[in-house]
Participant: 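Sharing a structure here in structure tokens format.
Please read all numbers here as calculations on a predicted model, not as lab measurements. Just so we're on the same page: letters track the sequence lines, and every chain starts at 1.
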Amino acid sequence: MRVPMMITMLGLGVLLSTGCQNYLGFGTGTVTGFEISPRPDNSLNLTLGYNRYELAVIPVPEFQDAGDTLDAYSVLATINVESPGLNSYDPEDSLRITQLFATGMAARRMSNQPGMRKHFAEYMEDITKSRRGDDEQ
Amino acid sequence: MILPSLSLLALGSVLLLFSGCIWHGKKQSYFVHPLASLTTGDGVSGYHELNGVLLTLEGGRQFGLTLGCTSILTVAPKEWSDQGTCDSLPTTRCLDSIDVASHQTTKRKFPFFTVGTMDSEPVFFYRKSIGVSMLLGFEVTGIFVGWMQRLSFLPKDDTVYILHFNAANRSQTILLRKEVTQ
């Protein structure tokens with residue numbers, strides 16, 4: 001009885017310790033069943049049943065200000081996620097992701113480009129029109 | 001006594017034949033996959049996809065043990081300038097102008113051992129499995145029982161990425177990158 005308990009505690013300790021990773025990332029996850037995994041904030045995530053999530057992690061370096069050549073994790077992104085419904089049996093209805101993702105100094109410099117500003121303005125206009133269409137329905 | 005042992009040995013051999021092992025390196029991955037399907041692609045992205053049945057072992061950047069059916073996709077970006085689309089401004093609208101079918105080559109392999117090499121470090125990972133998965137590493141950490149689908153995008157600093165992914169058509173994944181200097 002002691003050995004399985006020790007192994008379980010050791011496994012939980014490993015899971016909790018691996019939550020201390022400092023990197024930028026985007027992810028989605030779907031689980032139907034059981035899941036135990038660490039969260040970015042070093043807490044533990046337990047799921048029994050169905051769970052779906054989208055997650056973006058943008059860490060900020062401690063005690064470090066951004067400058068002309070150093071950036072504190074600026075992000076410029078458009079993220080479009082289409083996920084199938086829980087009761088969907090259509091094989092064409094699958095997870096689709098389309099995204100533009102710029103980090104750090106690339107994000108800062110791209111935000112100053114007129115072409116990129118125009119792209120984001122058009123992108124927001126498309127989203128606004130799409131939502132208006134949904135509301136009218 | 002001998003016949004049941006031989007039966008177990010035969011069954012175990014059959015199970016191992018449909019299993020797979022992966023060692024995830026920085027730009028190279030090593031696959032041992034007797035009869036498990038390994039698909040590689042090159043063009044608008046560089047990818048490896050291992051479809052394992054029954055048992056899959058992983059090591060290196062990502063450690064894992066999966067009992068059940070699993071599909072593991074690893075994608076590395078290609079340079080935006082090589083595609084010649086939408087001038088020099090990388091936006092998702094330019095994806096429509098990319099003819100994936102003519103740019104992407106796909107190869108399916110069934111040998112026992114394959115070394116997969118990518119032009120750059122992979123930053124996009126997708127996996128799904130039915131069964132029991134115990135995973136620990138850069139991409140995903142956790143214990144999963146049942147049906148699981150996970151997607152991770154871990155970009156490098158100071159770089160722009162364009163990504164288009166369809167889980168139903170993974171060989172058509174587009175992942176392009178561009179370093180912005182001005």
Participant: With rounding to the nearest 0.5 angstrom, report the CZ to OG distance, Arg177(B) to Ser120(B).
Facilitator: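 Answer rounded to 0.5 Å: 4.5 Å.
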Participant: Between Phe125(B) and chain A, with a heavy-atom cut-off of 4.5 Å, which part of the residue counts as in contact: side chain, backbone, both or neither?
Facilitator: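 Nothing of Phe125(B), per the 4.5 Å heavy-atom cut-off to chain A.
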Participant: Would a 4.5 Å heavy-atom cut-off, applied to side chains only, mark Phe124(B) and Tyr161(B) as touching?
Facilitator: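 They are not in contact (no side-chain heavy atoms under 4.5 Å apart), so the answer is no.
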Participant: Does any heavy atom of chain B fall under 4.5 Å from the side chain of Phe120(A), the backbone, both, or neither of them?
Facilitator: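 For Phe120(A), there is no contact with chain B at all, as no heavy atom is under 4.5 Å.
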Participant: State whether Arg61(B) and Glu121(B) are salt-bridged, where the test is any N-O pair (Lys NZ or Arg NE/NH1/NH2 against Asp/Glu carboxylate O) under 4.0 Å.
Facilitator: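 No, Arg61(B) and Glu121(B) are not salt-bridged.
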Participant: Hey, what's the ring geometry for Tyr123(A) with His119(A), parallel, tilted or perpendicular (30° and 60° as the breaks)?
Facilitator: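 Judged by the thresholds at 30° and 60°, the geometry between Tyr123(A) and His119(A) is tilted.
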Participant: Is chain B contacted by the side chain of Glu122(A), its backbone, both, or neither, given a heavy-atom distance below 4.5 Å?
Facilitator: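 Both backbone and side chain.
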Participant: Heavy-atom distances under 4.5 Å only: say whether Lys156(B) touches chain A with side chain, backbone, both or neither.
Facilitator: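 Lys156(B) touches chain A through backbone heavy atoms alone.
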Participant: Where does Thr78(A) contact chain B at under 4.5 Å (heavy atoms): side chain, backbone, both or neither?
Facilitator: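 Side chain only.
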Participant: Is it true that Asp42(B) and Lys78(B) make a salt bridge, defined as a side-chain N closer than 4.0 Å to a carboxylate O?
Facilitator: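 Counted as a salt bridge, because a side-chain N and a carboxylate O are separated by less than 4.0 Å.
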